[in-house]
Enquirer: 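Please find one structure pasted underneath; my questions will follow.
Just so we're on the same page: letters track the sequence lines, and every chain starts at 1. Bear in mind the structure is a predicted one, so any value in this text is a computation, not a measurement.
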Protein chains: 2
Amino acid sequence: MTQRLTHTEENYLKAIYKANEKTKSAVNTNTIAAYMNTSAASVTDMMKKLANKELIIYERYKGARLSPTGSKTATSVIRKHRLWETFLVQKLGFSWEEVHEIAEELEHINSDELITKLDEYLGFPKYDPHGDPIPSADGKFMLREQMILSQLNIAESGILVGVKNHETSFLSHLNKLNIALGSSILIKERSDFDKSLKVSVSEGADVVLTDMVAKNLLIRKS
Amino acid sequence: MTQRLTHTEENYLKAIYKANEKTKSAVNTNTIAAYMNTSAASVTDMMKKLANKELIIYERYKGARLSPTGSKTATSVIRKHRLWETFLVQKLGFSWEEVHEIAEELEHINSDELITKLDEYLGFPKYDPHGDPIPSADGKFMLREQMILSQLNIAESGILVGVKNHETSFLSHLNKLNIALGSSILIKERSDFDKSLKVSVSEGADVVLTDMVAKNLLIRKS
DNA sequence: ATATATTTTTAGACAAGACTAAAAATATTT
DNA sequence: AAATATTTTTAGTCTTGTCTAAAAATATAT
C-alpha cells in the first residue's frame, strides 16, 4: 500500500537519504534546508507531514531519519533518476553534464512497469553516466573497490570509475581535459606546494590536475 | 519568452485545444470541466488566470479560445505526449492500450533538447501508436486521407490507420480481434438490423464488428 | 414574453507548500 | 554557569488549485 507522494515529498526524502549517507546520524533541519534550497521553517513543516505519513522518524530539535518505507521510497527515486540519466546519455546522446536537470523531472514519473522495462531496455546497468551505482528494484547498491585519485602515489595509475562532484562546470572541465569514465590516469608528478598533479590520461598527453579536481575523481587502482 | 507553466495549466490548454478541434467555436466552461473532470467553478478560476497570462481569449459567459501562444503550447504538449507514446511502444515494448497514462505524465517534462533528441531517436515519426498525427516542432500536423470504416461498402477494404476511441477497453477489444494499425479490413456483410459488419482482418478469419466499433476505426481505402 | 431551466460566475473556504518574523530550545563561549 | 550565538520551531501569510453554495446571466419552453 505505497501511498502516492508529491514531487516535493519525494525530493525531501531523497535529500534526507543523501545527507544521511554522509553524516550517518539523524539529519538536521538546516542541512535539509540547504539541500532543498528552502527555509528551515518550511523544512519543519514538511518534517511533520512526512512523520505523520510514517516516512521518517522525527523528533523536535533532534532531526530526522528515514523509516524503512521512507528509505525504500528514496532509493526508488534514486534508481529512477540514475536509470533515466543512463538512458539520456546512452540512447539519446546527451553528454554527462547535461542530464541531471532533466532526470530531476523524470525521476518522479510514476510507473513501476515503466522502470522495469527501461531497466531491461538499457541492459540492466549497474552504474550511471557519472559512475554512481544504480540501486536494484529491491534497493541494493552494487558496491565496488574504489579510492580517490589524490591517494595514489607517483607512478601508480587507476581507471576513472566515478566523480564525486556533479556540477556542470566540473564535468565540462573534465571534458576539456579529455577525462571520461574509463579513462586510465597515471600519476607522474605531485607538487609539494599545492598538491597539484601532473598526470597522463589514457596514455596521451600530460595534463595538470589541481588537488580540488583530484579529490573528486574516483578510481579503481590498475 | 515562453513562460513556465504548471502541469495543470498545460492540461487546461490541451483540453481547450481538443474541445475546440470538435466544436470549432469558443469552448464552454462546462465542456472544459468535463474534459478536466473538475467543477465549473474551478474552470472559471483557471480561465481568468490563463487569460491574464494571455494564453487564451476569454469572455465571461462566452467561453474560451486559445491565443496563438496558448495554441503553440497546447500543440507542443500534444507533440510531447505522442512522441513519448511512440517511445513507449516502439522502444520499450508497451502495448498501445498501456501508454496513455504514462505519457500524461511524461508530456510535462520540460526540455526542448530532450524532445528534439527523442524525435530524432525515434526516426522523426509522423504518427503515434494510435495513428494520431504527431505535430512538428512548429506545430504542423501531417494530414492524411482517411475515412471511417462504417462508410465502406460491401467488398471494399481499407488499411487501419487510426482509432478515434483511446479507451483501454476498446483497444484491448481490438487486440482480441487481432486488429492493429496496418491491418487490412475487408467488408463482407452488413446487417440491416444493427449495422454490424462481418469483416475479414488481414486475409484471416472473419470477425463481427458492431457499428460502435466500426465508427471508431479510421482507415485508408485500399 | 414570461416563467423555468441551465450555465456560468462569484463568494468564501480549504489543503499543500512556501515565506518572514518572532519565540523557544539547544550549543558554544567566556 | 552565565551570556551569547546558533538552530529550530511556531505563528501568521501567501499562492495555487481545488471545492460548495448562492447569485447572476443566458437559454429554453410554454
Enquirer: Nearest-Å distance, CG (B:Leu5) to P (D:dT16)?
Expert: 12 Å
Enquirer: Of the non-hydrogen atoms in A:Val213 and A:Leu174, which two are nearest, and what is the gap between them?
Expert: CG1-CD2, 4.2 Å
Enquirer: With a 4.0 Å cutoff (strictly under), does any side-chain N or O of B:Thr8 reach OP1 or OP2 of D:dT16?
Expert: no
Enquirer: For B:Thr6 and D:dG17, is the shortest distance between a side-chain N/O and OP1 or OP2 below 4.0 Å?
Expert: yes
Enquirer: Take atom OH of B:Tyr12 and atom C1' of D:dT16, then tell me their distance rounded to the nearest Å.
Expert: 11 Å
Enquirer: In whole angstrom, what separates A:Met36's CE from C:dG17's C1'?
Expert: 10 Å
Enquirer: Measuring from A:Leu218:CG to A:Ile148:CD1, what's the distance to the nearest 0.5 Å?
Expert: 6.5 Å
Enquirer: Give one of base, sugar-phosphate or nothing for A:Ser39, where a contact means two heavy atoms less than 4.0 Å apart.
Expert: base
Enquirer: Distance from B:His173 atom NE2 to B:Leu209 atom CG, nearest 0.5 Å?
Expert: 7.0 Å
Enquirer: Could you list all N or O pairs between the protein and nucleotides 12-15 of chain C that sit under 3.5 Å apart?
Expert:
none

Enquirer: Decide yes or no for A:Leu66 and A:Leu13: does some side-chain heavy atom of the first lie under 4.5 Å from some side-chain heavy atom of the second?
Expert: yes
Enquirer: Drop me the distance from A:Leu197's CG to A:Ser150's OG, to the nearest 0.5 angstrom.
Expert: 7.0 Å
Enquirer: Could you check how far CZ of B:Arg4 sits from P of D:dT15, rounded to whole Å?
Expert: 20 Å
Enquirer: Please report the interatomic distance CZ(B:Arg65) to CD(B:Glu59), rounded to the nearest 0.5 Å.
Expert: 10.0 Å
Enquirer: When rounded to the nearest 0.5 angstrom, what distance separates NZ in A:Lys49 from CG in A:Leu55?
Expert: 13.0 Å
Enquirer: In a table with atom names and distances, give each donor-acceptor pair under 3.5 Å that connects a side chain of residues 75-89 of chain B to protein atoms at least two apart or in another chain.
Expert:
{"from": "B:Thr75", "atom 1": "OG1", "to": "B:Ser71", "atom 2": "O", "distance (Å)": "2.6"}
{"from": "B:Thr75", "atom 1": "OG1", "to": "B:Lys72", "atom 2": "O", "distance (Å)": "3.2"}
{"from": "B:Arg79", "atom 1": "NH1", "to": "B:Pro135", "atom 2": "O", "distance (Å)": "3.1"}
{"from": "B:Arg79", "atom 1": "NH2", "to": "B:Asp119", "atom 2": "OD2", "distance (Å)": "3.3"}
{"from": "B:Lys80", "atom 1": "NZ", "to": "B:Glu107", "atom 2": "O", "distance (Å)": "3.3"}
{"from": "B:Lys80", "atom 1": "NZ", "to": "B:Ile109", "atom 2": "O", "distance (Å)": "3.2"}
{"from": "B:His81", "atom 1": "ND1", "to": "B:Glu104", "atom 2": "OE2", "distance (Å)": "3.4"}
{"from": "B:His81", "atom 1": "ND1", "to": "B:Glu107", "atom 2": "OE1", "distance (Å)": "2.8"}
{"from": "B:His81", "atom 1": "NE2", "to": "B:Glu85", "atom 2": "OE2", "distance (Å)": "2.9"}
{"from": "B:His81", "atom 1": "NE2", "to": "B:His100", "atom 2": "ND1", "distance (Å)": "3.3"}
{"from": "B:Arg82", "atom 1": "NH1", "to": "B:Pro133", "atom 2": "O", "distance (Å)": "2.6"}
{"from": "B:Trp84", "atom 1": "NE1", "to": "B:Leu106", "atom 2": "O", "distance (Å)": "3.4"}
{"from": "B:Glu85", "atom 1": "OE1", "to": "B:His130", "atom 2": "ND1", "distance (Å)": "3.0"}
{"from": "B:Thr86", "atom 1": "OG1", "to": "B:Arg82", "atom 2": "O", "distance (Å)": "2.7"}

Enquirer: Whole angstrom is fine here: how far is it from CG in B:Leu50 over to P in D:dT16?
Expert: 12 Å
Enquirer: To the nearest Å, give me how far apart CD (A:Glu10) and P (C:dG17) are.
Expert: 11 Å
Enquirer: Go along nucleotides 3-9 of chain D 5' to 3' and tag each nucleotide: B for a protein heavy atom under 4.0 Å from its base, S when only backbone or sugar atoms are that close, - otherwise.
Expert: ----SBB
Enquirer: What do the steps show when you test B:Glu113 against B:Ser111 for side-chain hydrogen bond (donor to acceptor under 3.5 Å, both in side chains), and what is the final call?
Expert: CA-CA 5 Å; B:Glu113 192 59 18; B:Ser111 164; over 6 Å; no
